[in-house]
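Report on one structure; see the data block that follows.
A quick note: this is a predicted structure, and the numbers were derived from the prediction, not measured.
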Amino acid sequence: MTHDFLPTSDAIALLTLIVALSAYVATIRLWLIDRIKKVRDEEEKKKLKTTSRLLTLADAPLVVSGVLLFFHGFWNNTLGLWFSCAEPPNWMLSWSIGLLTFALVVLVAHHIGAWWKSIRA
């Protein structure tokens with residue numbers, strides 16, 4: 001059985017991307033929350049709340065992906081101290097990459113939606 005392993009330097013580079021994307025999404029969510037508080041029109045508030053909730057489809061997978069990648073990249077200094085296996089489980093890296101891919105697809109969909117709104121405005 002082959003073992004999927006990402007060198008620590010590559011894991012750090014990818015983890016940096018994940019953290020940056022998660023911070024990007026969090027910034028947008030905070031802006032939406034601030035906007036929701038200021039808007040008086042209930043219909044507009046409802047749209048903003050929906051957008052904020054839809055961002056969770058990208059944010060939650062990013063957070064889980066980052067945690068899995070962190071434990072994969074730093075196995076020997078974290079969970080590996082408590083488990084008998086010398087290498088992280090194969091599923092950690094594949095799930096991390098899969099969740100990151102899903103989050104990226106969701107973010108692309110959000111951007112396409114924003115582009116569409118810009119075109120129609």
Side-chain angles (χ1 to χ4, degrees):
M1 180 173 132
T2 61
H3 191 353
D4 295 330
F5 186 76
L6 192 64
T8 303
S9 60
D10 292 345
I12 291 170
L14 190 54
L15 189 56
T16 301
L17 173 67
I18 293 169
V19 169
L21 287 171
S22 187
Y24 165 70
V25 172
T27 301
I28 294 169
R29 185 187 316 278
L30 287 174
W31 179 85
L32 285 169
I33 291 168
D34 188 49
R35 180 102 169 112
I36 289 167
K37 290 177 182 177
K38 293 177 181 176
V39 170
R40 301 249 186 257
D41 180 39
E42 288 302 316
E43 189 62 32
E44 172 106 14
K45 275 188 180 189
K46 187 176 178 181
K47 287 179 185 179
L48 292 170
K49 286 179 181 181
T50 299
T51 300
S52 179
R53 288 182 189 111
L54 288 173
L55 282 175
T56 304
L57 290 174
D59 195 26
L62 282 172
V63 170
V64 175
S65 173
V67 168
L68 290 174
L69 185 61
F70 172 80
F71 285 132
H72 171 82
F74 297 96
W75 181 258
N76 292 330
N77 298 322
T78 57
L79 295 179
L81 297 172
W82 291 286
F83 294 101
S84 59
C85 53
E87 294 180 340
N90 284 333
W91 62 267
M92 276 188 165
L93 182 60
S94 59
W95 271 90
S96 177
I97 299 297
L99 288 167
L100 173 60
T101 302
F102 177 79
L104 290 173
V105 168
V106 171
L107 286 176
V108 166
H110 278 290
H111 282 294
I112 290 171
W115 297 335
W116 183 249
K117 284 180 184 177
S118 296
I119 291 169
R120 293 182 61 203

Which value, rounded to the nearest 0.5 Å, describes the distance between [X] atom [atom1] and [Y] atom [atom2]?
X: Ser9; Y: Leu14; atom1: OG; atom2: CG; answer: 11.5 Å
X: His72; Y: Leu68; atom1: NE2; atom2: CG; answer: 10.5 Å
X: His110; Y: Leu54; atom1: NE2; atom2: CG; answer: 5.5 Å
X: Arg40; Y: Lys38; atom1: CZ; atom2: NZ; answer: 11.5 Å
X: Leu104; Y: Leu99; atom1: CG; atom2: CG; answer: 11.0 Å
X: Phe102; Y: Ile97; atom1: CZ; atom2: CD1; answer: 15.5 Å

Give a yes or no on whether [X] and [Y] share a hydrophobic cluster (residues Ile, Leu, Val, Met, Phe, Trp, Tyr; joining criterion: side-chain heavy atoms under 4.5 Å apart).
X: Ile112; Y: Val106; result: no
X: Ile33; Y: Val63; result: no
X: Val64; Y: Trp91; result: yes

Where do [X] and [Y] come nearest, in terms of heavy atoms and distance?
X: Phe74; Y: Thr8; value: CE2-CG2, 4.0 Å
X: Leu15; Y: Gly66; value: CD1-O, 3.4 Å
X: Val39; Y: Lys45; value: O-CE, 2.7 Å
X: Pro61; Y: Ala58; value: CD-O, 3.4 Å

Pairs under 3.5 angstrom only: tabulate donor-acceptor contacts from the side chains of residues 18-30 to other protein residues two or more places apart or in another chain.
{"unit_1": "Ser22", "atom_1": "OG", "unit_2": "Asp59", "atom_2": "OD1", "d": "3.2"}
{"unit_1": "Tyr24", "atom_1": "OH", "unit_2": "His111", "atom_2": "NE2", "d": "3.2"}
{"unit_1": "Thr27", "atom_1": "OG1", "unit_2": "Ala23", "atom_2": "O", "d": "2.8"}
{"unit_1": "Arg29", "atom_1": "NH1", "unit_2": "Ser52", "atom_2": "O", "d": "2.8"}
{"unit_1": "Arg29", "atom_1": "NH1", "unit_2": "Thr56", "atom_2": "OG1", "d": "3.3"}
{"unit_1": "Arg29", "atom_1": "NH2", "unit_2": "Asp59", "atom_2": "OD2", "d": "3.3"}

**OP:** Check step by step if side chain to side chain contact (heavy atoms under 4.5 Å, CB included) holds for Trp31 and Asp34.
**Re:** CA-CA 5 Å; Trp31 179 85; Asp34 188 49; 5.6 Å; no
Subject >> Candidate pair Leu69 and Leu100, rule side chain to side chain contact (heavy atoms under 4.5 Å, CB included), full reasoning >> reply: CA-CA 10 Å; Leu69 185 61; Leu100 173 60; over 6 Å; no
Original post:
Between Ser96 and Met92, is there a donor-acceptor pair closer than 3.5 Å when you use the side chain of the first and the backbone of the second?
Top reply: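 Not at all, since once roles are kept as given, no pair shorter than 3.5 Å links the two residues.
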